[in-house]
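For reference, the structure is listed below as structure tokens.
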Amino acid sequence: MSNFVFPAAEIPSAAVRGTDARYAVSRIFCVGRNYADHAREMGADPTREPPFYFTKPASALTASGSTVPYPTETRNYHYEMELVLAIGAPVFKVTPEAAVAAIWGYATGLDMTRRDLQAAAKAGGKPWDTAKGFDQSAILGEIVRKSELGVLDRGAITLSVNGVEKQHGDLADMIWNQAEIVSNLSHLYHLHPGDLIYTGTPAGVGAVVTGDVMLGRIEGLGEIQLTVGPAE
Ligand code: MN
């Protein structure tokens with residue numbers, strides 16, 4: 001046991017389907033603009049860009065089914081429905097073929113975003129941290145093991161707000177597929193169990209306000225739900 005001046009924070013973790021054991025989370029990576037139709041709606045050219053990443057602190061992890069307060073310092077709080085990869089083996093500088101074996105599980109995810117702060121950061125050439133890595137910004141459903149599902153590389157990914165569908169895509173429409181993402185990221189970091197990767201969102205992102213209920217689904221995987229509460 002270590003001798004800390006303050007108690008160590010609880011280790012963020014996610015539920016795993018079919019077991020009481022939890023998946024301890026150490027890092028959260030996110031892929032930007034990984035569906036062509038979303039890249040276009042954000043004003044980018046989907047044909048020319050290699051994958052790029054941002055991160056959220058593991059402490060931002062929030063379970064599906066939660067109610068989160070409307071965040072501070074934004075007037076444009078957006079949802080982004082995403083497939084999340086859970087890494088289950090150490091990998092470094094691997095090929096796409098070898099990268100797939102390191103994917104241990106899949107989960108539904110919501111990459112919640114202060115879109116106005118992101119737009120200001122882009123315009124000013126500044127980091128995205130306050131736009132993307134704020135408290136309770138990484139929503140996650142239960143992890144389902146790849147050994148149960150097989151490789152989940154196609155199927156509908158949808159999100160509705162208050163029962164009205166807003167996002168509808170297919171996992172097969174990713175610009176960079178999961179093997180390419182894990183391979184590419186493994187050239188930038190030593191990946192290991194505990195690393196989550198949010199793989200980007202299809203078109204149809206938009207704002208939510210207090211009282212809204214988001215329900216996301218990925219075909220063959222499951223659902224995710226989030227309710228927006230009052231501002232703190
Ligand atoms: Mn995203």
Side-chain angles (χ1 to χ4, degrees), residues 14 25 27-46 49-62 64 66 68 71 74 76-87 106-122 126-141 152 155-161 166-178 180-182 184-185 188-189 195-208 212 214-218 221 223-226 228:
V25 174
R27 294 185 295 188
I28 301 174
F29 298 100
C30 305
V31 184
R33 295 195 288 261
N34 197 31
Y35 290 78
D37 53 358
H38 174 63
R40 280 187 215 103
E41 78 178 347
M42 299 305 287
D45 179 348
E49 203 173 44
F52 71 94
Y53 307 95
F54 56 90
T55 62
K56 296 176 185 251
S59 59
L61 196 71
T62 301
S64 171
S66 297
V68 297
T74 183
N76 201 15
Y77 176 46
H78 273 212
Y79 51 80
E80 296 188 357
M81 179 65 199
E82 311 202 357
L83 173 70
V84 180
L85 312 177
I87 296 295
Y106 300 100
T108 51
L110 282 168
D111 164 15
M112 299 306 293
T113 301
R114 286 167 165 145
R115 192 71 72 200
D116 42 0
L117 297 195
Q118 185 193 28
K122 286 180 183 175
K126 291 173 178 163
W128 288 9
D129 298 53
T130 61
K132 286 291 196 179
F134 55 96
D135 297 343
Q136 297 182 287
S137 61
I139 319 302
L140 194 74
L152 186 65
I157 175 169
T158 60
L159 181 112
S160 65
V161 179
K166 301 289 188 181
Q167 291 192 274
H168 191 122
D170 195 288
L171 299 179
D173 294 337
M174 288 184 191
I175 296 171
W176 298 94
N177 67 33
Q178 57 190 266
E180 293 166 331
I181 290 166
V182 173
N184 183 263
L185 198 56
L188 294 161
Y189 299 89
D195 290 335
L196 296 179
I197 306 170
Y198 284 61
T199 57
T201 196
V205 299
V208 282
D212 284 346
M214 288 153 271
L215 180 64
R217 284 196 185 89
I218 294 177
L221 177 58
E223 294 185 344
I224 188 168
Q225 186 175 318
L226 182 69
V228 185

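Predicted model only: the values in this text are computed from it and were never measured. Only this structure's heavy atoms are used, side chains among them; waters, hydrogens and symmetry mates stay out. Just follow the structure's listing: the first ligand is 1, and inside any ligand the first atom is 1.
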- Out of Phe54, Tyr53, Tyr189, Tyr198, which one pairs with Phe29 under the ring-ring contact (aromatic ring centres under 6.0 Å, His included) rule?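 Only one option passes, and that is Tyr189.
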Of all N/O/S atoms in [X], the name of the one nearest the Mn ion (ligand 1):
X: Glu82; result: OE2
X: Asp111; result: OD2
X: Glu80; result: OE1

- Message: As a quick check of understanding, evaluate salt bridge (Lys or Arg N to Asp or Glu O under 4.0 Å) for Arg33 and Glu41, giving each step before the final call.
- Response: CA-CA 10 Å; Arg33 295 195 288 261; Glu41 78 178 347; over 6 Å; no
- Query: salt bridge (Lys or Arg N to Asp or Glu O under 4.0 Å) between Asp129 and Lys56: does it pass, once the steps are laid out?
  - Reply: CA-CA 7 Å; Asp129 298 53; Lys56 296 176 185 251; over 6 Å; no
- Task: Please find out if less than 6.0 Å separates the ring center of Phe52 from that of Trp128.
- Result: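 Centroid distance Phe52-Trp128: below 6.0 Å, so yes.
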